[in-house]
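Step one of this worksheet: look at the structure below.
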Amino acid sequence: MRGVRLKGFFENFMNKEFLFSDKSVLQSNYDPENIQHRDQQIEQIANILGSVLLYQKPSNLFCYGKTGTGKTLTIKFVTNDLLSIAKEKNINLEVIYTNCKLKNTADTEYRVIAELIRSLGGEVPKTGLPTQEVYRIFTHIIDSKKQLVLLILDEIDQLVEKTGDEILYTLTRMNSELKNAQISLIGISNSLVFTDNLDPRVKSSLSEEEIIFPPYNALQLQDILNQRAKLAFKTGVVDSGVIEKCAAYAAREHGDARRALELLRVSGEIAERSEEKKLSIRNIDLAEEKIEKDRVLDIISSQPKQQQALLYSIMKINEESKDIKHRDDSLFTGDIYELYKRICTEIKLRPLTQRRISDIISELDMLGIVNGKVISKGRYGRTRKITLAIHDHTKIKAKEILEKNFGFSR
DNA sequence: GTCAATTCACATGAAAGAGACCACGGTCTAGTG
DNA sequence: CTAGACCGTGGTCTCTTTCATGTGAATTGACGA
């Protein structure tokens with residue numbers, strides 16, 4: 001009985017006219033065959049890394065640029081080419097890519113090195129060994145044969161911010177201990193001012209060469225989107241103006257190509273789900289809303305209990321202050337902390353100290369859930385002015401999630 | 001009115017603790033020959 | 001005799017607490033015009 005119904009459903013699903021011909025083209029892990037508007041960077045990188053082919057250690061390289069400016073893509077592109085050429089010429093080249101932002105994988109000194117060892121085929125326990133020991137294993141593996149190693153550390157700024165620059169110091173010095181192999185570092189950073197608070201010794205050796213990835217402008221984004229859209233969608237389903245609008249949205253957000261592509265993909269998904277024959281401009285607005293909402297709800301529901309409780313009290317107090325006309329919707333740390341403590345006793349949670357709450361608020365700020373600004377109220381002290389940074393319709397849903405989590409019936 | 005000192009209510013830093021996870025080596029135990 | 005169970009030690013890592021120090025401008029109060 002159920003089978004019959006489902007069959008009908010699937011048939012319906014199959015018969016639906018799909019807008020996409022290949023959705024994966026718009027996904028973030030897709031590697032395009034050629035990279036647009038990055039010729040200059042590609043050439044520079046190729047020049048620097050080219051010395052590999054002469055069996056010489058290339059200079060350490062450093063790439064800056066905001067998110068979605070094609071840093072990772074370009075580096076991977078060049079190193080892949082390099083790898084295949086090196087293979088032809090019988091050069092021992094090893095390229096190791098690590099993203100330092102991956103939680104519980106490569107976000108501490110120990111784990112990064114462990115991860116590097118793992119990608120070289122070694123085996124290291126997740127924890128338990130002294131860090132020095134892990135370094136020893138690493139050098140041992142690297143030095144086991146004559147080879148050149150390119151170490152790509154993506155999102156390196158995150159790593160240094162969390163754990164300090166000792167890794168970089170050790171890695172840059174490692175060459176002097178190696179007898180057979182040579183390693184070069186390729187750092188990729190989102191932050192332009194990253195090197196400023198680096199140990200000067202590390203700084204000079206790490207950024208022997210620097211390459212800057214400027215944000216794409218709206219026109220360049222259009223080119224990129226057009227190229228991908230041609231592959232991703234069936235011909236003629238994309239309304240005129242859609243690409244332009246996507247590009248414009250993304251250009252406003254510091255030229256983030258990843259954003260633009262996501263926007264296009266989600267718009268397509270929305271149009272497809274509502275069984276529209278064409279991808280229209282209206283879908284883009286819907287898509288942007290959806291992306292934002294998903295992001296926020298995702299973050300909120302994946303937060304630990306304490307953070308959620310705090311967030312809940314912020315939302316609660318935000319509502320109350322809206323009812324009272326004479327108070328604008330600005331909240332201060334003290335008020336929030338008081339309410340937070342009350343809520344904690346209500347849901348039988350041990351309240352944290354204000355010191356910690358202060359930190360959590362700035363964490364939420366970083367995540368873009370709240371906006372916090374440190375202000376001085378003169379005689380009445382110095383505090384953080386906090387506003388909720390999420391839309392009302394998202395907020396309602398978010399509150400539901402939190403209340404359900406805490407077992408509130410209301 | 002002007003100016004420096006005061007003062008508030010936190011922000012921000014540094015250090016250290018708690019507790020979870022884990023590897024390693026040594027010791028104990030039970031099963032085997 | 002030996003494999004496996006079971007410690008104790010020492011390591012990493014995250015989340016917190018404790019203690020200490022920093023700070024921007026409204027307020028205050030002294031001062032001079």
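Chain identifiers are assigned alphabetically (A, B, ...) following the order of the sequence lines, protein sequences preceding nucleic acid strands; residue numbering begins at 1 within each chain.
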Next on the checklist: Please check this pair: side chain of Q44(A) against backbone of I211(A), looking for a donor-acceptor N/O pair closer than 3.5 Å.
Outcome noted: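 No; zero donor-acceptor contacts below 3.5 Å.
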Next on the checklist: Between Q308(A) (side chain only) and Q303(A) (backbone N and O only), is there a donor and an acceptor less than 3.5 Å apart?
Outcome noted: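 Yes, Q308(A) side chain to Q303(A) backbone: donor-acceptor pair under 3.5 Å.
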Next on the checklist: Centre-to-centre under 6.0 Å for Y64(A) and F213(A), is that the case here?
Outcome noted: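 Distance test on ring centres: not under 6.0 Å, no.
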Once you round it to whole Å, what is the distance between [atom2] of [N] and [atom1] of [X]?
X	N	atom1	atom2	answer
Y135(A)	dG11(C)	OH	P	17 Å
Q354(A)	dG13(B)	CD	P	17 Å
D107(A)	dC13(C)	CG	P	9 Å
D335(A)	dA9(B)	CG	P	11 Å
E109(A)	dG11(C)	CD	P	15 Å
E166(A)	dT12(C)	CD	P	11 Å
D359(A)	dT18(C)	CG	C1'	13 Å
R356(A)	dT12(B)	CZ	P	14 Å

Next on the checklist: Please verify the inter-ring angle class for F233(A) with F20(A); under 30° counts as parallel, over 60° as perpendicular, anything in between as tilted.
Outcome noted: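 Because their plane-to-plane angle is under 30°, the rings of F233(A) and F20(A) count as parallel.
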Is there a side-chain contact between [X] and the phosphate of [N], meaning an N or O under 4.0 Å from OP1 or OP2?
X	N	value
R350(A)	dA18(B)	no
S376(A)	dC10(B)	no
T353(A)	dT16(C)	no
T127(A)	dC21(B)	no
T333(A)	dC10(B)	no

Checklist entry - Which nucleotide sits closest to the side chain of R379(A): dA26(C), dC24(B), dC13(C)? => result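 For R379(A), the side-chain atoms sit closest to dA26(C).
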Item to check | Toward the 5' end of DNA chain C, by each residue's nearest nucleotide, R382(A) or T108(A) | outcome: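 Mapping each residue to its closest nucleotide by heavy atoms, the 5'-most match is T108(A).
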Item to check | Earlier contact from the 5' end, DNA chain B, for K377(A) and R384(A) | outcome: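 Whichever sits nearer the 5' end wins; that is K377(A).
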Checklist entry - When only distance counts, do a donor and an acceptor, one from the side chain of R355(A) and one from the base of dG13(B), lie under 3.5 Å apart? => result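 Yes.
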Item to check | Flag if over 12 foreign heavy atoms under 6.0 Å of NZ, K397(A) | outcome: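 It does not: K397(A) NZ has 12 such atoms or fewer within range.
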Next on the checklist: Once you apply a heavy-atom cut-off of 4.0 Å, does S362(A) come out as touching a base, just sugar-phosphate, or nothing?
Outcome noted: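 Nothing, no nucleic acid heavy atom in range.
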Checklist entry - So what does E133(A) hit on the nucleic acid, given a heavy-atom distance under 4.0 Å: a base, only sugar-phosphate, or nothing? => result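 Here E133(A) touches no strand at all.
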